[in-house]
Amino acid sequence: MGDLKSVDDGFEKRLRTALPDQVFRPLTPAYQEEPRGLFYGVGGLVLAPSTTDQVSKIIQECATSRVPVVPYGGGTGLVGGQVMPGAAPVILSLERMTQIRAIHPSENVLVAEAGAVLADIQAAADGADRLFPLSLASEGSCRIGGCLSANAGGVNVLRYGVARDLCLGIEAVLPDGSIHHGLKRLRKDNTGFDLRGLLCGAEGTLGVITAASLRLFPKPAQHGTALLTVRDPSAALDLLAMAQSRLGQGISAFELIKGTGFDFLATAELGGPQPFASHPDWSVLIGLGLGPTQDPEEELALLFAEAERAGLSDDGVIAQSGVQRAALWKLREEIPLANRAIGAISSHDISLPLSAISDFLREADSALARLGPFRVNAFGHLGDGNLHYNVFPPEGQVASDFADMRQRVRDVVYGLVQQFEGSFSAEHGIGRLKPHELQRYGDPARLVAMRRIKDALDPVGIMNPGVIFSTKK
C-alpha cells in the first residue's frame, strides 16, 4: 500500500464541505464483509454519490490526500475485491446511481448507471421487448458496475458472451478524478486503445465505472429446458456438439452437473424436489431460446432420442411449462448454496479448452485422491469451458480439519489447469484472493504490461490497492 493514508477527520471534513449530506452513509457491517467470510474490513468512510461529478470530486480528493478507494457495488464478489483489510479507505458505493438513463430498442442498446441492479436492467430490457442476457445467481442484488468490473460470466456465455462482450461503451472516473465520457452506442469504433475493454475486468484498479451502454437482443419467442443424464464428461461434450449441430445458436446454456451436486442439495435441503430417483453420476442442463416456428419441447425430445441412440444419455426430464423450467434451473442455481452449507476446503473457478475437460477431471480427481479422501463437486458452464471445481472433506468431517492441506489442494488443481493450458480464474476475477496465483501462473510479459498500465493510470496507487497486484512495486 506504500505511503497511502487512512481516512482521517481532516479528510472527511473537506469532503463534507464539497458534497451533500446524503452522500455520507453509516459504516454498517455489510460494507466490511464479503460472502465467503475470507476478508473483513477495519473501518473507513462510506460515500454513496448520486452523480458522476460527485464521484469525480471524491476521487480527486482521494488522489490529493493519498487515501485508497474501494469501489463497492452489490457486495456479491467472491474474491474479496470489495473489502480492504488493514486500512480505513473510502468505500465508494454506487448504490444511489441506479438510473436507466436511456433505452434504444431499435438500436438494441440500454444505457444504465453502474449502481443499477442486474435484475432491474433485465426487467427494463424486457419492458422494451428486448433481452439483456447476462444472468447470474446473484442478479437480484449484484450491480452492473461490479459485473463489468469483474467481467462476470454466468449461464448464457455460450450464446451471448461475457459482460465485456455485452458492453458497447463506458463512462468512468479515472484515478486522477477526470471523467472518461465513453458512453458511445457504436459497434465499430477504431479510434485507438479500447478503454472500455480495459476497464471491464480491471476490478476497480484503474478507475470507477459510473455508467455503461449495454447490448440488448431480440427476445427468443420460445424457451425450452431439459436435464439429461450423460455417461461421463466426454459424453457431455459429444452431446454438446450434437446439440450445436442440430440447433446452432438456439442453445443458450449447457451446464454440467456432477452427482455430488445432487447429493449436497439433498443434504442441505435445497433445490426443491429432485427429478431422478437416484442421483446420476453426471448430467447436463440445457437451455434453449428459439424462434416462433420451432417447438423447444419437440427439439429437446429429438435431441434426447439421438443422444440415446448414440449411447450418450439414458434418462432425462424435459420441462413442459415455465414452472417446470424454473424448477430445473433452481437445482443448478442452488448448488453454490449447498456447497456453502457443506463447507469447501478449497473452491476453484477455472476454465479449460473443451477438449481437455475430461482429461483434467480424471487426472485432478486421481491426484486429489492421493492426497486424501476428499469429495469433489464439479459443475459449471460446460459450453464455454468454465468449471467450478470444488473440494470438500469426507462425510462426517469439516473443512477446518483440512486447513493445513488447502494450499496443497490448490497447487494440484491449478498446476493441472496450467498443464492443460487453462485459466485458474474464469469468471470471478483475481481480487484479494488470488494475486499470488496470478504471479505464479500468469504470463510474465503480460504481468509487466499490466503493472505498467496500472502505474501509468494510477501512479499514486489509490484504486483498490491489493486487488490483482498484492503490493505496489
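Contact of the T205 side chain with the P175 side chain is not registered, since no non-hydrogen atoms from C-beta on lie closer than 4.5 Å. Between F264 and L337 the shortest side-chain heavy-atom distance does not fall below 4.5 Å. When side chains are defined from C-beta on, I251 counts as touching L288, because their heavy atoms get closer than 4.5 Å. By the 4.5 Å heavy-atom criterion applied to side chains, F254 and H381 are not counted as neighbours. Side-chain contact between I144 and F132 is present, with heavy atoms from C-beta onward closer than 4.5 Å. The closest side-chain heavy-atom distance from F24 to L45 is below 4.5 Å.
Few gaps surround CZ on R187; more than 12 heavy atoms of other groups in view lie less than 6.0 Å from it. K184 NZ: 12 or fewer foreign heavy atoms inside a 6.0 Å radius.
Electrostatic pairing of R25 and E95 counts as a salt bridge here, judged by a charged N lying under 4.0 Å from a carboxylate O.
Here the options are R196, R101, H180, the test is side chain to side chain donor-acceptor pair (under 3.5 Å), and the partner is E171; only R101 passes.
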Give the C-alpha distance, both sets of side-chain angles, the deciding distance and a yes or no for salt bridge (Lys or Arg N to Asp or Glu O under 4.0 Å) between D53 and K57. CA-CA 6 Å; D53 285 341; K57 289 179 181 178; over 6 Å; no
As a quick check of understanding, evaluate side chain to side chain contact (heavy atoms under 4.5 Å, CB included) for I430 and E203, giving each step before the final call. CA-CA 8 Å; I430 301 300; E203 302 182 54; 3.7 Å; yes
Kindly indicate, with the supporting measurements, whether the criterion side chain to side chain contact (heavy atoms under 4.5 Å, CB included) is fulfilled by V376 and N390. CA-CA 6 Å; V376 172; N390 302 333; over 6 Å; no
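Two rings, from Y389 and F360, have their centers less than 6.0 Å apart.
With hydrogens and angles left out, the side-chain atoms of R130 and N108 include a donor and acceptor closer than 3.5 Å.
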